[in-house]
Amino acid sequence: MYAYRGHTVLELRGEIDIVAATEIGPHLDRVTGRPQARAVIDLRQVEFFDCSGLRLLYRARARMLERGGQLHLVCTHPLTLRVFRVTGLTRLLPPQPSLDAALARSEAASGSL
């Protein structure tokens with residue numbers, strides 16, 4: 001976890017399965033529990049992503065919306081992107097190819113561009 005251009009970036013790596021989700025959940029809850037938090041979940045280094053990861057993302061998005069925050073997603077892995085398209089996540093949390101692309105989307109949405 002690190003800060004980048006006013007956002008907290010959670011860079012996930014490896015496999016996101018039920019075991020990893022159990023470990024990641026508390027960190028994600030800490031970030032998404034703050035009022036008006038701005039965060040990016042970076043999945044570029046993730047090699048496997050299952051329904052446990054989807055639950056994490058849906059929960060994080062809901063928590064951010066409840067608290068007036070912004071959540072962005074960075075993902076380039078073709079299989080993970082396919083899971084997002086099939087489940088409809090791309091409509092709710094559109095994945096971007098880079099941090100800068102995700103933050104450009106954030107700035108455009110806030111009218112600061």
Side-chain angles (χ1 to χ4, degrees):
M1 191 168 15
Y2 62 94
Y4 182 76
R5 291 177 45 192
H7 288 70
T8 301
V9 178
L10 291 99
E11 188 178 69
L12 306 182
R13 298 172 182 268
E15 297 184 1
I16 308 300
D17 56 15
I18 193 162
V19 173
T22 302
E23 295 170 6
I24 295 165
H27 300 287
L28 200 51
D29 283 351
R30 203 167 25 256
V31 171
T32 60
R34 296 189 303 244
Q36 299 180 347
R38 298 185 320 166
V40 179
I41 298 174
D42 187 346
L43 301 176
R44 288 178 289 181
Q45 300 299 316
V46 170
E47 299 160 2
F48 176 81
F49 193 91
D50 73 5
C51 61
S52 302
L54 286 173
R55 279 193 297 274
L56 280 176
L57 295 180
Y58 277 108
R59 176 176 163 77
R61 180 183 177 273
R63 288 172 56 88
M64 294 294 269
L65 289 175
E66 289 171 0
R67 292 163 178 81
Q70 294 179 359
L71 181 63
H72 303 284
L73 183 63
V74 176
C75 182
T76 56
H77 194 283
L79 293 176
T80 304
L81 289 170
R82 182 169 184 240
V83 169
F84 294 164
R85 278 191 301 277
V86 168
T87 60
L89 184 64
T90 54
R91 289 189 307 273
L92 301 176
L93 194 58
Q96 300 299 316
S98 69
L99 284 174
D100 288 330
L103 298 184
R105 182 175 174 85
S106 173
E107 291 164 356
S110 68
S112 60
L113 256 185

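Excluded from the calculations below are hydrogen atoms, water molecules and symmetry mates; all remaining heavy atoms, backbone and side chain alike, are included.
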At what distance, to the nearest 0.5 angstrom, does CZ of Arg55 lie from CG of Asp50? 7.5 Å
Can you list, pair by pair, the side-chain donor-acceptor contacts under 3.5 Å of residues 24-31, counting residues two or more places apart and other chains?
{"unit_1": "His27", "atom_1": "ND1", "unit_2": "Arg30", "atom_2": "NH2", "d": "2.7"}
{"unit_1": "Asp29", "atom_1": "OD1", "unit_2": "Arg59", "atom_2": "NE", "d": "3.1"}
{"unit_1": "Asp29", "atom_1": "OD1", "unit_2": "Arg59", "atom_2": "NH2", "d": "3.4"}
{"unit_1": "Asp29", "atom_1": "OD2", "unit_2": "Arg59", "atom_2": "NH2", "d": "3.1"}

Roughly how far apart are His7 NE2 and Arg38 CZ, rounded to 0.5 Å? 4.5 Å
If you round to the nearest 0.5 Å, how far is CG of Leu56 from SG of Cys51? 10.5 Å
Given the options Ile41, Val9, Leu99, Val40, His72 meets side-chain contact (heavy atoms from CB on, under 4.5 Å) only with Val40
One should read off an interatomic distance between Gln36 CD and Met64 CE, to the nearest 0.5 angstrom, of 10.5 Å
For Leu10 and Ala39, the nearest pair of non-hydrogen atoms, with its separation, is CD1-CB, 4.5 Å
Quick check: closest heavy atoms across Leu57 and Leu43, and the distance to 0.1 Å? CD1-CD1, 4.3 Å
Is there a chain of hydrophobic side chains (I, L, V, M, F, W, Y, each step under 4.5 Å between heavy atoms) that links Val74 to Tyr2? yes
Under 4.5 Å between any side-chain heavy atoms of Thr8 and Met1, yes or no? yes
How about CD1 on Ile18, more than 12 heavy atoms from neighbouring residues, nucleotides or ligands closer than 6.0 Å, or not? no
As an exercise, state the distance from NE2 of His77 to CD of Glu47, rounded to the nearest 0.5 Å. 7.0 Å
Do you reckon Leu54 sits in the same ILVMFWY cluster as Phe48, going by side-chain contacts under 4.5 Å, direct or chained? no
Side-chain donor-acceptor distances from residues 78-97 under 3.5 Å, at least two apart:
{"unit_1": "Thr87", "atom_1": "OG1", "unit_2": "Val83", "atom_2": "O", "d": "2.9"}
{"unit_1": "Thr87", "atom_1": "OG1", "unit_2": "Phe84", "atom_2": "O", "d": "3.3"}

Would you check if Tyr4 and Leu103 make a side-chain contact, meaning some heavy-atom pair closer than 4.5 Å? yes
In the single-linkage hydrophobic clustering (I, L, V, M, F, W, Y; side-chain heavy atoms under 4.5 Å), do Leu73 and Val46 co-cluster? yes
Say whether, by atom type as modelled, one donor and one acceptor occur between the side chain of Arg44 and the main chain of Thr76 under 3.5 angstrom. no
Pairs meeting criterion salt bridge (Lys or Arg N to Asp or Glu O under 4.0 Å) with involvement of residues 7-20, two or more places apart: Glu11-Arg13
